[in-house]
Structure formats: C-alpha cells, structure tokens
Protein chains: 2
Amino acid sequence: MAVTLQDVAARAGVSQATASRVLNGSARVPGEGVADRVRTAARELGYVPNAQAQALARASTGLLGLIVHDIADPYFSSIARGVQSAARTANKQVLLASTDRDFDIERDAVSTFISHRADAIVLAGSRQSGDLDRDLETEFGRYRANGGRVVAIGQPLAFGGAVEPENHYASGQLADALIEAGHQRFAVIGGPGNIRTSVDRRNGFVETLARRGLTPLVEVSGDFTRDGGHSAAHRLAAALQVTADSGAPPVCVFAVTDVMAIGAIAAWRDLGLSVPRDVCIAGFDDIPTLRDHTPSLSTVALPLEEIGTRAVELALRTDADAADLRERIPGRVILRDSTRL
Amino acid sequence: MAVTLQDVAARAGVSQATASRVLNGSARVPGEGVADRVRTAARELGYVPNAQAQALARASTGLLGLIVHDIADPYFSSIARGVQSAARTANKQVLLASTDRDFDIERDAVSTFISHRADAIVLAGSRQSGDLDRDLETEFGRYRANGGRVVAIGQPLAFGGAVEPENHYASGQLADALIEAGHQRFAVIGGPGNIRTSVDRRNGFVETLARRGLTPLVEVSGDFTRDGGHSAAHRLAAALQVTADSGAPPVCVFAVTDVMAIGAIAAWRDLGLSVPRDVCIAGFDDIPTLRDHTPSLSTVALPLEEIGTRAVELALRTDADAADLRERIPGRVILRDSTRL
DNA sequence: CTGAAAGCGCTTACAG
DNA sequence: CTGAAAGCGCTTACAG
C-alpha cells in the first residue's frame with residue numbers, strides 16, 4: 001500500500017541496497033548524483049520508512065516503554081514529561097502504559113512492551129521491594145538476557161538500574177525541620193502498605209520522630225490519591241477530636257504525598273477546621289500545580305522531571321556495567337504556611 | 001536471540017504455521033493434543049511473540065499515537081488518561097509524544113508515528129484551524145490513504161474525525177451566568193492567538209458580552225500556562241488600577257484556562273489583592289487537581305477523560321464513513337467562590 | 001487439520 | 001561505490 005523502499009529504488013534506477021544506504025545515513029557514502037537521485041525519488045514519492053521493518057532487520061526498535069500508575073496524577077505526569085524530553089533527545093519513541101495501580105495491568109504492560117521489543121523499560125510505579133511476582137521476574141530476566149534494559153523509579157528491583165528519591169532520608173529531614181519549627185505533636189497519613197515509596201516516607205518520618213523521643217499520636221492511611229487523603233483526614237480528625245479554635249497548639253500531620261495533603265485540607269475545611277490554625281499539615285513531592293494552593297503546603301521538593309530524564313539516561317547508557325546502577329535523588333525540605341505556628 | 005516461533009514449533013514437533021495458528025487464536029482450531037503441545041513448548045521456552053514481525057506480516061501494528069502539547073499539564077494528562085484506558089480496552093498500545101508546544105516537534109512526532117505505522121493518531125494539541133502546514137497536511141493525506149485514521153481534539157482539521165469541546169458556546173454560557181450573578185464589569189485573560197481553543201473561548205465570552213451590551217474593560221493574554229496567567233494578571237491589574245479594599249464592585253476576569261486562572265490569583269495575592277473581594281475570576285476546564293483550590297474556581301467543566309476515550313473510539317471505529325465524524329462535547333458552567341459577589 | 005512457501009519492508013555482510 | 005541475496009520473525013493463502 002504505502003510507498004516502499006523498492007519503489008524509491010526503482011524510480012531512482014538503483015538497487016534497494018543503495019537506496020537504503022543513502023536514505024538512512026549509513027556510514028557508506030554513495031556517489032554524488034546517485035544519492036541525489038534517490039533522495040529526490042523518495043521525496044517525490046513521499047516515502048516514509050517502515051519502522052517495523054527496520055526494527056526487524058536491525059537490532060533495535062527505538063522504542064522506550066514507560067509504565068506509571070496513573071498518568072493523570074501530577075507526580076507521574078511530571079516524571080513522564082522528563083522521560084519524554086530525554087527520549088526525544090535520544091531519538092526514542094515512548095510507549096506509555098498507565099496501570100490504574102492494578103498489578104495485573106502492569107504485568108500485561110510489561111509483556112506487551114517486551115513483545116514490541118522496546119529497547120528499554122522504565123517502571124515508575126513503585127511497589128514494596130521483593131514484591132515483584134515470579135512471572136514478572138522471569139519475564140524481565142529473559143528480557144534482560146536478550147539485551148533489554150530496565151530501570152525502576154523509586155523501587156529497587158533485584159536487578160536493573162534504579163533512580164531512587166531519598167524518600168526515607170528526606171522524610172526524616174522534614175520531621176527534624178518541623179520539630180525545630182516548634183511542633184511537638186504529630187500524626188501521620190500514610191499510603192498503601194505495599195508501595196515502597198509510601199512505606200519509606202512514613203518510616204523515615206516516624207523513625208526520626210522516635211529518635212527525638214516522639215511518637216505519632218495517630219496513624220491512618222489511605223490510597224495514594226486526593227480522595228485517599230480526604231477520607232484518611234476525616235478519620236484522623238475523629239480520632240484526634242480536633243476542634244476549631246481550641247486554642248491548643250495544632251497537631252502537625254504528615255501526609256506522604258502532596259496530593260493526599262490537599263485532600264486532607266479539603267476534608268478539614270468541610271469540618272470547619274482551618275489550616276494551620278487548628279491542624280497543620282505537610283506533604284511530599286512539591287507538585288508544581290499545587291504550589292499556588294492556599295494555605296501553601298510545606299513539603300519535600302523532588303525534581304520530578306529530572307527523575308524522568310535520569311531514568312531514561314540510565315536506561316540508554318551503553319556501558320553494560322551501568323545496567324545495575326542506582327542513582328539517588330535528594331529531596332529538599334520546604335516549610336510554608338501549612339505548618340506555620 | 002530471543003525465543004522464536006520456529007523454536008517453539010520445533011520443540012512441539014509441528015510446523016511454524018501450526019504453531020502460529022494455535023498461539024495467536026486464529027479462527028482455525030488445531031487438533032487437541034497438538035495445540036497443547038505447542039502451548040506447552042511456548043511456555044517452557046518462554047516464548048514472547050515479536051510484535052514487530054507480526055505487524056509486518058499482518059495489516060495492523062496495534063499502535064495508537066497520541067500527541068499532546070505538554071503531558072505535565074493537567075488538561076492533557078487527564079485526556080491522556082482517557083486515551084490510555086480506551087486504548088487498553090481496545091488492546092492497543094499508545095505511543096506518546098509531548099511537543100512542548102513546538103510545531104516542529106509536533107511534525108516530527110507525526111512523521112515518526114506514521115513511520116511506526118500507528119493504526120491511528122490522536123492529535124490533542126489544538127491550533128488555529130487552517131493553520132496546519134502543507135507538509136503535515138500532505139503527510140496526513142498519504143497516511144489516511146494508506147488506511148491510517150486521524151482524529152483531532154479541539155481542532156477541526158480539514159479531514160479526519162474530531163472531538164470538539166464546545167468552547168465557544170460554553171464560554172458564552174459562562175458569560176451569561178456571570179452577568180446573571182450580578183457582574184457588570186469584565187476583563188479577559190486570553191491565550192495564544194494561534195490556538196483554536198484559546199480563540200474560541202475568548203470569542204464566545206466576548207461575543208456574548210456584546211450581545212448583552214457589554215465590552216471587556218481590558219484584554220491581555222499570555223501563554224497557556226500558570227506563568228502565562230501570572231504575568232498577564234500583573235499587566236491586567238496595572239491597566240485596571242485595581243486596589244485592595246476599594247469598595248468598588250470587583251471586575252470579573254475570564255481566564256481561558258483554569259491553570260492560567262490559578263496563576264492569576266497567585267499574582268494578585270502577591271499584589272495584596274484578594275479574590276473575590278478585589279477582583280473576581282473564572283477559568284475553564286475544571287481541572288481535578290485544582291478543585292480544592294481556595295478560593296474555589298468558577299469555571300466550565302469539561303469531561304476531559306471522556307474526551308480522550310471518545311477520541312480513541314472514534315479513531316478505532318471500523319465503519320469507513322465514521323472517518324470524518326465530529327463529536328461535540330458540551331461544557332457545564334460551575335459558579336464557585338472566585339466570582340462570588 | 002496441517003505444512004511448504006511466499007511475502008511483509010527493510011538491512012547488511014559478501015562479492016564484484 | 002554498488003548490487004544480489006539472505007535473513008529478521010511472523011502470517012496466510014494455497015495445497016494436500
């Protein structure tokens with residue numbers, strides 16, 4: 001149907017091999033006029049190389065698979081933006097899968113990407129380490145044996161590269177900063193227990209608290225979503241019996257993501273509670289879209305886009321020994337209005 | 001390198017053709033034991049079909065191209081989410097391109113998608129109609145001639161399907177609602193002049209105002225981003241000489257997107273101006289992440305995810321006459337705190 | 001039901 | 001520098 005390399009060759013009066021060589025910038029330099037004739041023919045015919053055929057004939061497909069939990073979540077869409085731009089400069093196309101946090105869908109996505117012979121796969125949906133199921137593991141194993149690269153963001157797999165935000169450490173720094181700001185009473189809104197990021201952030205915070213001789217008054221948890229934070233906040237308020245204008249120093253709540261923190265604030269607002277007067281709250285991520293929120297959110301800033309580009313760079317590095325590299329990404333504590341005493 | 005269909009066939013003691021037939025659920029039902037033997041061999045060997053080879057041999061690639069301006073912009077990431085889920089149910093893989101609002105990059109993305117023989121391409125980055133450059137147009141022409149489907153979101157191309165939010169009409173409804181709520185003095189923060197969505201929204205609003213005998217006091221414009229809204233709002237405040245607590249009824253500003261509106265509110269806050277006391281503002285889109293903003297934003301709600309799924313459904317409909325269908329998506333006016341008098 | 005064979009559109013040693 | 005030919009891994013008429 002579409003114009004084929006053969007068509008171009010015929011019109012230019014050369015062999016298919018020659019046409020291929022001039023059109024794909026091979027090292028071999030064809031004769032002056034010949035090259036021109038081929039290029040002209042290609043243009044006149046509107047030739048578009050068939051990437052599928054090229055992939056089959058060559059080694060690589062130029063495809064890069066990206067798997068996220070939810071592309072509409074700003075955390076992941078920011079990472080995706082970084083992945084996109086790095087992929088573009090590397091001349092790769094990105095194959096996107098948004099799994100809705102469903103591990104079955106995730107597994108399917110991996111299979112499909114492998115089936116499409118993606119040169120590399122970036123896994124951005126974190127899970128508890130060691131929690132990778134057997135199927136996935138052996139599939140990745142074969143993939144890597146065949147030259148596929150895999151890098152995980154925020155979840156060290158037993159293999160492959162990894163870009164790891166220092167969730168544990170940075171949460172600890174946040175706790176320290178909050179204590180130094182004068183907070184004494186804390187509570188935590190955690191995330192799913194099977195998500196690495198969630199657990200690390202919670203632990204980092206609570207452990208630092210402990211080191212300072214403090215313990216969270218209450219811990220509740222919810223989904224990694226706005227609504228998850230919203231409902232968790234309701235339960236928290238009930239457990240803590242927070243009331244408006246009590247005059248008592250507000251409890252400082254740590255929500256493991258900004259998105260949950262925003263949901264929490266909304267829940268409290270509905271209850272007539274005001275942040276930071278009646279309750280304080282800090283989040284994590286420093287999501288760009290949320291920076292203009294009122295009250296402004298204390299949080300830990302993560303360079304989300306950079307995390308995406310780093311992952312791609314790691315995935316595309318050719319030195320074989322880079323295949324299992326781990327890169328740590330530090331977070332930066334930012335105290336804003338939502339924890340102001 | 002990887003396990004091949006040939007390998008599976010050999011181990012199962014059948015021909016490649018038979019192996020192919022049992023493994024890809026062809027209509028032809030092979031003998032009982034045969035099918036089992038093949039499946040077992042495939043499992044034992046860890047066979048993963050090569051999608052590239054399949055694509056070459058079959059007609060379709062199972063690839064769906066999605067082009068957006070910026071995947072980190074919640075407008076696009078919400079649409080992308082819808083595209084993703086529809087693609088999944090249709091068993092397609094999505095190839096994503098985020099163009100950073102650069103038309104050269106966009107053109108490249110289209111070429112690459114065509115090169116990869118995507119079964120369909122969804123163009124979500126709108127531009128002024130008729131503004132499609134010649135190159136792109138002829139490329140799309142050939143693509144369609146070869147069976148490719150293209151559907152645009154928010155920008156009726158001269159061809160292909162289209163999913164069109166009723167930007168013009170809904171902006172008019174918003175203007176009406178605002179007037180009925182008691183607003184008399186208006187201003188507009190518009191977007192880029194070469195973006196269809198931007199122009200339609202501005203025109204719909206201003207034309208309805210005119211029908212009611214009103215004219216915007218000032219019009220300024222900026223990029224389709226938070227910062228675009230932020231700087232436009234500064235200019236607007238200067239032009240209007242808005243002051244805090246003037247006691248005068250606030251001017252009601254229409255920003256063509258929620259994201260810009262948020263930037264505007266932030267700018268005014270820095271100026272010591274309060275919304276809705278000193279200035280009022282309405283946006284457009286009803287971005288989920290922004291729903292918890294304070295003050296809550298008056299806006300026009302668009303079913304972003306649905307827009308994405310509709311686009312995919314349109315792109316995948318097999319009835320040839322559906323190729324040029326246009327679907328209109330109504331918006332729903334929501335008045336909230338940011339325009340409260 | 002099953003197999004041999006051609007074909008999908010390229011690339012790339014291997015000869016000339 | 002250029003071309004003939006094999007090969008990449010599948011699918012699918014066409015025979016049997």
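Every chain is numbered from 1 and lettered A, B, ... according to where its sequence line falls, protein lines coming before strand lines. Just so you know, these numbers come straight off a predicted model, no measurement behind them.
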*Asks:* Are any of the side-chain nitrogens in B:Asp324 or B:Arg149 under 4.0 Å away from the carboxylate oxygens of its partner?
*Replies:*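 Looking at B:Asp324 and B:Arg149, the cut-off is not met.
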*Asks:* Quick one: which residue pairs count as a side-chain hydrogen bond (donor to acceptor under 3.5 Å, both in side chains) with a foot in residues 84-93 of chain B, not counting sequence neighbours?
*Replies:*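 For residues 84-93 of chain B: B:Lys92-B:Asp119.
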*Asks:* Could you give the CD-to-P distance, from B:Gln54 to D:dG9, as a whole number of Å?
*Replies:*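 Going from B:Gln54 (CD) to D:dG9 (P), I get 13 Å.
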*Asks:* Within the pair B:Ser20 and D:dT11, is there a side-chain N or O less than 4.0 Å away from OP1 or OP2?
*Replies:*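 So the side-chain polar atoms of B:Ser20 do come within 4.0 Å of the phosphate oxygens OP1 or OP2 of D:dT11, strictly under.
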*Asks:* Taking the C1' atom in each of D:dT12 and D:dG16, what is the distance between them to the nearest angstrom?
*Replies:*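 So the two C1' atoms sit 16 Å from each other.
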*Asks:* Take atom CZ of B:Arg37 and atom C1' of C:dC1, then tell me their distance rounded to the nearest Å.
*Replies:*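 Between C1' of C:dC1 and CZ of B:Arg37: 13 Å.
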*Asks:* Between the main-chain N or O of A:Arg117 and the side-chain N or O of A:Thr61, is there a donor-acceptor pair closer than 3.5 Å?
*Replies:*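 Answer holds: yes.
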*Asks:* Have a look at A:His69 and tell me which of A:Phe76, A:Tyr75, A:Phe224 forms a ring pair (Phe, Tyr, Trp, His ring centres under 6.0 Å) with it.
*Replies:*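 Exactly one pass, corresponding to A:Phe76.
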*Asks:* In whole Å, what is the span from the CD atom of A:Gln52 to the C1' atom of C:dG9?
*Replies:*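 Taking CD of A:Gln52 and C1' of C:dG9, I get 11 Å after rounding.
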*Asks:* Distance-only check: which donor-acceptor pairs under 3.5 Å involve side-chain atoms of residues 304-316 of chain B, not counting sequence neighbours?
*Replies:*
{"residue": "B:Glu305", "atom": "OE1", "partner": "B:Arg81", "partner atom": "NH1", "Å": "3.2"}
{"residue": "B:Glu305", "atom": "OE2", "partner": "B:Arg81", "partner atom": "NH1", "Å": "3.3"}
{"residue": "B:Glu306", "atom": "OE2", "partner": "B:Arg310", "partner atom": "NE", "Å": "3.4"}
{"residue": "B:Glu306", "atom": "OE2", "partner": "B:Arg310", "partner atom": "NH2", "Å": "2.8"}
{"residue": "B:Thr309", "atom": "OG1", "partner": "B:Glu306", "partner atom": "O", "Å": "2.9"}
{"residue": "B:Arg310", "atom": "NH1", "partner": "B:Glu327", "partner atom": "OE1", "Å": "2.1"}

*Asks:* Hey, are A:Ser115 and A:Thr112 close enough side-chain-wise for a donor-acceptor pair under 3.5 Å?
*Replies:*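 Looking only at side-chain atoms, A:Ser115 and A:Thr112 do not form any donor-acceptor pair under 3.5 Å.
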*Asks:* For a quick test of your reading: what N or O donor-acceptor pairs under 3.5 Å do the side chains of residues 46-53 of chain B make, sequence neighbours left out?
*Replies:*
{"residue": "B:Asn50", "atom": "OD1", "partner": "B:Gln52", "partner atom": "N", "Å": "2.8"}
{"residue": "B:Asn50", "atom": "OD1", "partner": "B:Ala53", "partner atom": "N", "Å": "3.1"}
{"residue": "B:Gln52", "atom": "NE2", "partner": "A:His116", "partner atom": "O", "Å": "2.7"}

*Asks:* Detail all sub-3.5 Å separations between protein N/O atoms and N/O atoms belonging to nucleotides 4-8 of chain C.
*Replies:*
{"residue": "C:dC8", "atom": "O2", "partner": "B:Ala57", "partner atom": "N", "Å": "3.4"}

*Asks:* Applying side-chain hydrogen bond (donor to acceptor under 3.5 Å, both in side chains), can you list everything that pairs with A:Gln16, at least two apart in sequence or on another chain?
*Replies:*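 In terms of side-chain hydrogen bond (donor to acceptor under 3.5 Å, both in side chains), with neighbours along the sequence ignored, A:Gln16 is linked to no residue.
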*Asks:* Calculate the interatomic distance between B:Gln6 atom CD and C:dG3 atom C1'; express it in whole Å.
*Replies:*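 Taking CD of B:Gln6 and C1' of C:dG3, I get 12 Å after rounding.
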*Asks:* Could you work out the separation of D:dC1 and D:dA5 based on their P atoms and round it to a whole Å?
*Replies:*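 To the nearest whole Å, 23 Å.
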*Asks:* Please work out the stems of DNA chain C from pairs that are Watson-Crick or G-U wobble with both distances under 3.5 Å, keeping only runs of three or more consecutive pairs.
*Replies:*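 As far as DNA chain C goes, consecutive pairing (with distances under 3.5 Å) yields the stems C:1-3 with D:14-16, C:5-12 with D:5-12, C:14-16 with D:1-3.
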*Asks:* Rounded to whole Å, how long is the line connecting atom CG of B:Leu23 with atom C1' of D:dT11?
*Replies:*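 Distance, rounded to whole Å: 13 Å.
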*Asks:* Between D:dC10 and B:Thr4, is there an OP1 or OP2 to side-chain N/O distance shorter than 4.0 Å?
*Replies:*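 Checking B:Thr4 against D:dC10: at least one side-chain N or O falls below 4.0 Å of OP1 or OP2.
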*Asks:* Between A:Asp102 and A:Arg107, is there a salt bridge with N-O shorter than 4.0 Å?
*Replies:*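 Answer for the salt bridge query: no.
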